[in-house]
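Beneath this line is the structure, given in structure tokens, with notes to follow.
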Protein chains: 2
Amino acid sequence: MRKISESTIHRLSLYYRTLVSLQRERYITVSSRELAKRDKLTPAQVRKDLSFFGSFGTRGLGYPVNELKDKIASILGLNRTWNVALVGVGNVGSALVSYKEFPRQGFVIKKIFDNDQRKIGKNHKGILVSDVRNLAKELKEDRIEIVVLAVPASAAQSVVDEVVSAGVHTILNFAPTNLKVPDNVVLRTVNMAMELEHLSFALSNRGKIKEL
Amino acid sequence: MRKISESTIHRLSLYYRTLVSLQRERYITVSSRELAKRDKLTPAQVRKDLSFFGSFGTRGLGYPVNELKDKIASILGLNRTWNVALVGVGNVGSALVSYKEFPRQGFVIKKIFDNDQRKIGKNHKGILVSDVRNLAKELKEDRIEIVVLAVPASAAQSVVDEVVSAGVHTILNFAPTNLKVPDNVVLRTVNMAMELEHLSFALSNRGKIKEL
DNA sequence: TAAAATATGTGAAAGTATTCACAACGCTAT
DNA sequence: ATAGCGTTGTGAATACTTTCACATATTTTA
């Protein structure tokens with residue numbers, strides 16, 4: 001299979017959500033045109049994206065909603081559950097524990113870690129907070145596959161180093177800092193301030209932005 | 001000025017953060033090579049990005065750290081404060097109220113709205129929660145420029161409609177749903193589940209992803 | 001003060017991503 | 001059956017982004 005671009009994956013996520021809606025609306029089939037309209041894309045883009053993975057449509061008719069949804073779920077790895085650990089249960093961490101979309105898509109938080117004695121041993125949505133000093137050991141024990149990092153920027157790099165050395169190679173980082181990881185580690189950083197910066201750029205430079 | 005691409009803006013945000021670090025490390029000047037290394041980019045990319053906005057460097061020497069930082073701040077609209085309102089003070093909303101990067105970059109939350117009577121009138125970090133029924137009126141009164149949306153998916157569209165009709169054209173949405181807005185409105189959606197989907201795709205398809 | 005070293009700024013080339021445009025195919029109606 | 005319509009799947013064309021490569025300018029060294 002040829003390499004798939006970041007933007008295609010992002011759009012697959014969009015299609016997935018749209019297909020869930022279409023399913024609720026009792027659509028049986030959907031055309032690339034309708035799918036494109038709902039996600040503000042072009043029909044050709046939709047068809048091209050899907051064509052990277054196979055031919056799922058029927059000419060003259062469109063794509064079968066249920067089938068396509070399942071197919072995309074399987075491409076995105078949503079047809080199974082993933083063992084997730086959360087490190088840092090401050091403001092952002094607490095929000096993530098309660099984020100209903102995670103379990104809904106198969107991302108199950110199995111462990112929570114913190115370094116604050118007042119938090120360790122406390123219960124968050126049925127999960128006891130572990131001491132971050134046992135991080136490596138417990139990540140292995142629980143076969144954690146994805147770590148979500150919600151610690152202060154200053155602590156992030158050292159936690160990442162330990163996570164990586166414990167064999168977890170997939171990290172979603174909410175700490176507002178650049179992290180160094182080996183090449184075989186997949187790291188995504190979500191920085192909410194950077195999102196706002198796009199908006200302030202747009203406000204400061206009306207018309208100079210390409211798309212948004 | 002020619003149109004600037006999304007990716008360039010994103011990288012400007014990265015440069016800005018890196019320059020802040022360099023400033024703390026007492027760097028006086030920095031080369032495109034060093035900047036690129038820290039942000040995992042190429043020197044040519046850095047120079048090209050900056051060249052869209054002017055010539056800030058000195059040949060043989062590099063870029064002046066302080067000056068370049070200020071220049072990028074001004075390009076991104078960070079050399080001033082923005083009046084922000086938060087709608088929805090649930091798990092995600094509460095985290096955002098306490099997010100220290102926001103005020104640090106000039107994004108000042110002036111108002112908080114919710115529809116839950118138990119929350120209205122309560123104090124969050126010194127801000128009283130208003131009734132969302134007064135949304136339009138108070139957005140205007142306080143000259144709010146950016147709205148951050150942290151309401152459930154089901155409520156998001158109707159809040160957006162009201163925000164837009166109140167004249168606010170810049171929205172950061174955390175609700176996991178696709179929103180319809182007029183063309184002149186700048187809407188950015190942050191969907192944390194979609195971020196995890198990139199990771200599960202990467203895990204499920206090791207090697208098939210182009211970059212991450 | 002001149003030569004060597006360093007690093008920018010930028011056209012041109014290479015590489016990617018998106019859109020076009022249409023042949024191919026399956027449905028629907030008669 | 002068959003005509004006509006609708007929609008996919010996909011090479012080719014276009015548009016966009018990144019990288020290359022080098023002329024140009026400045027600093028450093030001796």
Please confirm whether the shortest side-chain N or O distance from A:R47 to OP1 or OP2 of C:dT19 is below 4.0 Å.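 No, outside the criterion.
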Is the phosphate of D:dG9, meaning OP1 or OP2, less than 4.0 Å from a side-chain N or O of A:S51?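 False: A:S51 side-chain N/O out of range (4.0 Å or more) of D:dG9 OP1/OP2.
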Output the rounded distance in Å from [atom1] ([X]) to [atom2] ([N]).
{"X": "B:I9", "N": "D:dT17", "atom1": "CD1", "atom2": "P", "answer": "11 Å"}
{"X": "A:F56", "N": "D:dT8", "atom1": "CZ", "atom2": "P", "answer": "14 Å"}
{"X": "B:D49", "N": "C:dT8", "atom1": "CG", "atom2": "C1'", "answer": "14 Å"}
{"X": "B:K48", "N": "D:dC20", "atom1": "NZ", "atom2": "P", "answer": "13 Å"}
{"X": "A:F53", "N": "D:dG9", "atom1": "CZ", "atom2": "C1'", "answer": "15 Å"}
{"X": "A:L61", "N": "D:dT8", "atom1": "CG", "atom2": "P", "answer": "9 Å"}
{"X": "B:F52", "N": "C:dT8", "atom1": "CZ", "atom2": "P", "answer": "16 Å"}
{"X": "B:E6", "N": "C:dA17", "atom1": "CD", "atom2": "P", "answer": "16 Å"}

Could you tell me whether the side chains of A:Q157 and A:K180 share a donor-acceptor contact shorter than 3.5 Å?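 Note: A:Q157 and A:K180 side chains miss the donor-acceptor criterion.
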Would A:N178 and B:D39 count as having a side-chain donor-acceptor pair, cut-off 3.5 Å?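 The answer is yes; a qualifying pair exists.
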Between A:S7 and A:T58, which is nearer to the 5' end of DNA chain C once each is assigned its nearest nucleotide?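 Counting from the 5' end, the first nearest nucleotide belongs to A:S7.
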With DNA chain C as reference, determine whether A:G60 or A:A44 sits nearer its 5' end, using the nearest nucleotide of each.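 Nearest-nucleotide comparison on DNA chain C picks A:A44.
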Nearest heavy atoms of A:D114 and A:D116, plus distance in Å: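 Closest approach of A:D114 to A:D116: OD1-N, 3.0 Å.
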5′-ward residue of the pair A:L50/B:Q45 relative to DNA chain D: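 Looking at DNA chain D, the more 5' nearest nucleotide goes with A:L50.
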With the side chain of [X] defined as its heavy atoms from C-beta on, choose the nearest nucleotide among [options].
{"X": "B:R11", "options": "C:dG9, D:dT18, D:dT27", "result": "D:dT18"}
{"X": "B:S5", "options": "D:dT17, D:dA12, D:dT18", "result": "D:dT17"}
{"X": "A:Y63", "options": "D:dT19, C:dG9, D:dT8", "result": "D:dT8"}

Quick one: does any side-chain atom of A:T8 pair with a main-chain N or O of A:I4 as donor and acceptor, under 3.5 Å?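 Not a single qualifying donor-acceptor pair exists.
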Establish whether the base of D:dT8 is bridged to the side chain of A:R59 by a donor-acceptor pair shorter than 3.5 Å.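 When only heavy-atom distances are counted, A:R59 does reach the base of D:dT8 through a donor-acceptor pair under 3.5 Å.
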For residues B:N173 and B:V190, determine if any side-chain heavy atom of one lies less than 4.5 Å from a side-chain heavy atom of the other.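 No, side chains not in contact.
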Just jot down the side chain to side chain contact (heavy atoms under 4.5 Å, CB included) partners of A:P64, sequence neighbours excluded, or say none.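 Expected list: A:E67.
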Could you list by number each residue of residues 21-40 of chain A showing a heavy-atom separation from DNA chain D of less than 4.0 Å, or answer none if no residue does?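 Per residue number, the list reads A:S31, A:S32, A:R33.
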Please say whether the positively charged group of B:R38, taken as NZ for Lys or CZ for Arg, lies over the ring of B:Y27, i.e. under 6.0 angstrom from the six-membered ring centre and within 45 degrees of the axis.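 Yes, cation above the ring, under 6.0 Å and within 45°.
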